[in-house]
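A short write-up of the structure that comes next.
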Amino acid sequence: MRRIRHRHGTLTVQHVPTPAPGPGELLVRTEAIGVTLPVVRKLAPHGGAADGPVDGPVDEVVDEGDDGAGPEPLGGEVAGVVEAVGPDVAEATGFAPGDRVTGLCFGDAYSDAALLHTAMASAVPDHATAHDAVALVRGGLVALGALEAARPRPGETALVTAAASGAGHLALQLARLRGGAGHVVAAVGDPAAKGDFLRALGADAVVGYGDTDWGPPADYALDAVGGALLGPLVRGLTDGGRLVAYSSGGGTLAAHELLAGAKSVTGFQIGRVARERPALYAAWREELWRLHAAGELRPAVAAAFPLAEAARAHALIRARGNLGKVVLEP
């Protein structure tokens, strides 16, 4: 089988034997692989930037064969069909060959076949495609968790940054569906290019990061950008407003900017919920599937690239050109 690994940011296509699943593992023949911003940042020079394109060359994809443990694996969401299960998996979990599953793979996700731990796996409902699954399995959980951390109340104004991203376009929808927002503002780097897409998903207003007027103060903001945008975001909140940061954009903030208006900033990490509150994690996942089955939550796939063209997928995300989730297909 093929797998893609990286060494110092350079992608390598390797041809290796298909692995056998160990205890607690499923071998999944992948049909769709989700490309995540953390992986793109990891490969970009100096770790990348949160609020703009990364300078530097586009990653090259070369064929070096299997050269051992040198190149590092790339994780991500996967969806596909179970080909084999590890010892005792069928008895303990009910998963069996032929099942359609999805989940977050921490090993070699960029591959024709991935090893997925059963704790991170879930069945894909009949109403969902593999593309739907990789769009919802992580991005939807991040978006829903960030929204819950904001403690939304019906009728409030919500501001969502990186609103056209894989998680952002779902957060925009969930602010209305789950949070009962009365007004939803989508913030992006290029409103002209992304405005129609975001309004079709329910945004009442679309603003640019550099705009001087974002409209009335927001009651809460769901932020995946950070960096230099952190200050303006907090200043754009109403008194008592809440900002939830759910990406690794960083940034600094003077304490007085919070104190003056009794505002708050909360960091959210979906991995912690998965580890410490698995029942809540599962409940959120079921809620996402329910909203999708009802036609209310619409995951969008911006582009699907062949596995060997992963560099092009990364370049699209680095350039902030995607409208929704970016997917690889073996």
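Positions are given from 1 along the sequence.
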*Check: Gly215 main-chain N/O paired with Asp213 side-chain donor or acceptor under 3.5 Å*: yes

_For the backbone of Glu77 and the side chain of Arg138, can you confirm whether one donor and one acceptor N or O come within less than 3.5 Å of each other?_
no

*Check: Thr161/Asp223 side-chain N/O donor and acceptor closer than 3.5 Å*: yes

_Minimum side-chain heavy-atom gap Arg3-Val16 below 4.5 Å_ = yes

*Could you tell me whether the side chain of Glu329 and the main chain of Leu307 form a donor-acceptor pair under 3.5 Å?*
no

*Is any side-chain heavy atom of Tyr110 closer than 4.5 Å to a side-chain heavy atom of Asp108?*
no

*Give a yes or no on whether a salt bridge exists between Arg178 and Glu296, defined as a side-chain N under 4.0 angstrom from a carboxylate O.*
no

*Electrostatic pair Arg176-Asp204, nearest N-O below 4.0 angstrom*: yes

*So, do His117 and Phe95 have ring centers that fall under 6.0 Å from each other?*
no

*Side-chain donor-acceptor pair under 3.5 Å between Asp132 and Thr129, yes or no?*
yes

*asked:* Counting only heavy atoms from other residues, nucleotides and ligands, does the tally under 6.0 Å from CZ of Arg199 exceed 12?
replied: yes

*Do the rings of Trp289 and His127 sit parallel, tilted or perpendicular, given the 30° and 60° boundaries?*
perpendicular

*asked:* Using a strict threshold of under 4.0 Å (side-chain N to carboxylate O), is an ion pair present between Arg100 and Glu31?
replied: no

*Please report the closest heavy-atom contact between His169 and Ala300, naming both atoms and the distance.*
NE2-N, 2.8 Å

_Check Glu257 with Lys263, please: is the shortest side-chain N to carboxylate O separation under 4.0 Å?_
no

*Do Val234 and Tyr209 share a hydrophobic cluster, counting only Ile, Leu, Val, Met, Phe, Trp and Tyr and linking them when any side-chain heavy atoms are less than 4.5 Å apart?*
yes

*Is Lys325 reaching over with its side chain to a backbone N or O of Val35, donor-acceptor style, under 3.5 angstrom?*
yes

*Does a salt bridge link Arg5 with Glu72, judged by any charged N lying under 4.0 Å from a carboxylate O?*
no

_More than 12 heavy atoms of other residues, nucleotides or ligands under 6.0 Å from CG of Asp190: yes or no?_
yes

